[in-house]
Amino acid sequence: MIYGAKHKNEEVRLNSSSGGIFRPLAENTIKKGGVVFGASYNKNNVEHIEVSNIEDLIKLQKSKYVRSDLKDSYKNVKEYLDKGIEVLFSGTPCQVKGLKKYLKQEYDNLLCVDFICHGTPTKKAFQKYMKNNKIKKIDFKDKSKGWNNYHINKDGELEFYQDNEYMQDFINDRNLEESCYRCTNKKFKSNSDIKLADFWGIQYINPRFSDDKGISTVFINTIKGEKEFEGIKHLLDTIEVSLEEATRFNPSFYNKATKGK
Ligand SMILES: Cc1cc2nc3c(=O)[nH]c(=O)nc-3n(C[C@H](O)[C@H](O)[C@H](O)COP(=O)(O)OP(=O)(O)OC[C@H]3O[C@@H](n4cnc5c(N)ncnc54)[C@H](O)[C@@H]3O)c2cc1C
Ligand code: SF4
């Protein structure tokens, strides 16, 4: 099944990149005594951390447009899984695929969530941009002026994404990791349970469901994913969509980045 979805709570949506679907999935894992792994800023770096209390989930919310350093995540995920503790691992499709390869076996207590992935800029490009512009804190998806025309928030100063040099390098495939130019994890190749995305173009596909506060596409890929999504559905407004509708305005679902565009 594929859905268009948005959290009913507008604050959750404002603090998320698209429709705020990751947050309730993560809350449910923690309520079951589980642990959530995802990407968080750490000074001029982005790295995977583990979160086991709901207040800290805010650190994982929103897209950070740089490759996240996994540190010891795979090893720590395995330790929790072997103890029977629920784990939600969230990352790029290649990070999910890498985790599955590392684990070498299926676990009923593991939920893998990834997203349609355009690519990840290198750490070098991110740190150079932050340093050259003397930025301490960045939010790549500030929606206070709308989601379709999102802004980059640099220490409180807003810049339209189309005017931001780092975002233009990202969108035009100029600052990505080498692996993104030969990505083998498009479509459903990561075997994640749930894939999330920005539902770009929803205003043309279903104008009544559309608003400018962020809508997610949610691809339910496994029975485990379906069960977890059913558990949060009462918190969301949803519509069912076809694969064609879900991906019509989202070429990164199919296509890898192109060098020298
Ligand atoms: C680098 C990158 C490229 C993307 N490209 C596309 C695209 O081409 N098309 C599209 O539709 N959507 C893309 N997305 C996904 C989209 O921006 C949203 O993350 C997704 O729709 C989920 O939104 P949400 O509102 O449910 O949750 P959010 O709260 O926004 O999601 C946060 C989740 O994303 C994870 N995350 C954030 N940054 C990173 C990172 N650097 N590395 C690994 N995990 C990270 C967090 O761990 C957390 O689990 C991309 C996201 C990232 C990070
Ligand atoms: S584009 Fe492919 S290789 Fe690059 S971060 Fe995304 S999944 Fe990984």
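Order of appearance sets the numbers: ligands from 1, and atoms from 1 within every ligand. Bear in mind that the values here come from a model prediction, so they are computed numbers and not experimental data.
Taking only non-hydrogen atoms, the option from Ser16, Ala39, Gly19 nearest to atom 39 (C) of ligand 1 is Ala39. For atom 51 (C) of ligand 1, the candidate residues are Phe115, Phe37, Tyr41; the nearest heavy-atom contact is made by Phe115. Counting only non-hydrogen atoms, the option in Leu60, Asn15, Leu196 that gets closest to atom 46 (C) of ligand 1 is Leu60. Closest heavy-atom approach to atom 41 (N) of ligand 1 among the candidates His48, Arg23, Lys64, Glu47: Lys64. Between atom 16 (C) of ligand 1 and the options Asn250, Asp198, Thr217, the minimum heavy-atom separation is to Asp198.
At least one heavy atom of Gly119 lies less than 4.0 angstrom from ligand 1. Not a single heavy atom of Arg67 sits under 4.0 Å from any atom of ligand 1. Residue contacts with ligand 2 include Arg67, since one of its heavy atoms falls under 4.0 Å from the ligand.
Counting heavy atoms closer than 4.0 Å to ligand 1, residue Val66 contributes backbone atoms (N, CA, C, O) but none from C-beta onward. If you look at Arg13 next to ligand 1, there are no close heavy atoms at all, none under 4.0 Å. Counting heavy atoms closer than 4.0 Å to ligand 1, residue His118 contributes atoms from both its backbone and its side chain. In Lys256, neither the side chain nor the backbone holds a heavy atom less than 4.0 Å from any atom of ligand 2.
Side-chain atoms of Asn42 never come within 3.5 Å of backbone atoms of Asn45 as a donor-acceptor pair (strictly under, hydrogens ignored). Side-chain atoms of Ser16 never come within 3.5 Å of backbone atoms of Gly19 as a donor-acceptor pair (strictly under, hydrogens ignored). At distances below 3.5 Å, at least one donor-acceptor pair connects side-chain atoms of Lys64 with backbone N or O atoms of Ala39.
Shortest contact from atom 7 (C) of ligand 1 to any protein heavy atom: Ile116 O, 3.3 Å. Scanning the protein for heavy atoms near atom 35 (C) of ligand 1, the closest one is Ser90 OG, 3.8 Å. Considering only non-hydrogen protein atoms, atom 43 (C) of ligand 1 sits nearest to Gln95 OE1, 3.5 Å. In this structure, the protein non-hydrogen atom closest to atom 37 (C) of ligand 1 is Lys62 O, 3.4 Å. Of the protein's non-hydrogen atoms, Gly119 CA, 3.5 Å is the one closest to atom 1 (S) of ligand 2. Of all protein heavy atoms, the one closest to atom 23 (O) of ligand 1 is Ser18 OG, 2.9 Å.
Taking the ring centre of Tyr181 as origin, the terminal cationic atom of Lys259 falls inside the region bounded by 6.0 Å and 45° from the ring axis.
Close contacts of ligand 1 with Gln61, meaning ligand atoms under 4.0 Å from a residue heavy atom, involve 29 (O). The atoms of ligand 2 that sit less than 4.0 Å from any heavy atom of Ser179 are 3 (S). Short contacts between ligand 1 and Gly38, defined as distances under 4.0 Å to a heavy atom of the residue, involve ligand atoms 47 (O).
Using cut-offs of 30° and 60° for the angle between ring planes, the Tyr204 and Phe249 rings count as tilted. The aromatic rings of Tyr166 and Phe140 lie parallel to each other, their planes meeting at an angle below 30°, with 60° marking the opposite boundary. A tilted orientation is assigned to the rings of His151 and Phe160, their planes being inclined by 30° to 60°.
For the side chain to side chain contact (heavy atoms under 4.5 Å, CB included) criterion with Tyr3, the lone passing option out of Ile239, Thr238, Asp237 is Thr238. The ring pair (Phe, Tyr, Trp, His ring centres under 6.0 Å) test with Tyr161 singles out one residue from Phe170, Tyr150, Trp147, and that residue is Tyr150.
For Asp211 and Arg13, the salt-bridge test passes: some basic side-chain N is under 4.0 Å from an acidic carboxylate O. Note on Lys154 versus Asp139: no salt bridge recorded, every NZ/NE/NH1/NH2 to OD/OE distance being 4.0 Å or above. One finds no salt bridge joining Glu230 and Lys227 here, because no Lys/Arg side-chain nitrogen approaches an Asp/Glu carboxylate oxygen to under 4.0 Å.
Residue Cys94 counts as close to atom 8 (Fe) of ligand 2, with an N, O or S atom under 2.8 Å. Among the backbone and side-chain atoms of Cys117, an N, O or S atom lies under 2.8 Å from atom 6 (Fe) of ligand 2.
Of the inter-residue distances, the one linking Ile215 atom CD1 with Asp198 atom CG reads 10.5 Å to the nearest 0.5 angstrom.
Taking any N or O of Ser68, backbone or side chain, none lies under 3.5 Å from an N or O belonging to ligand 1. Looking at ligand 1, you'll find an N or O of Ser63 within less than 3.5 Å of one of its N or O atoms.
Taken together through direct or relayed side-chain contacts under 4.5 Å among Ile, Leu, Val, Met, Phe, Trp and Tyr, Val36 and Leu111 form part of one hydrophobic cluster.
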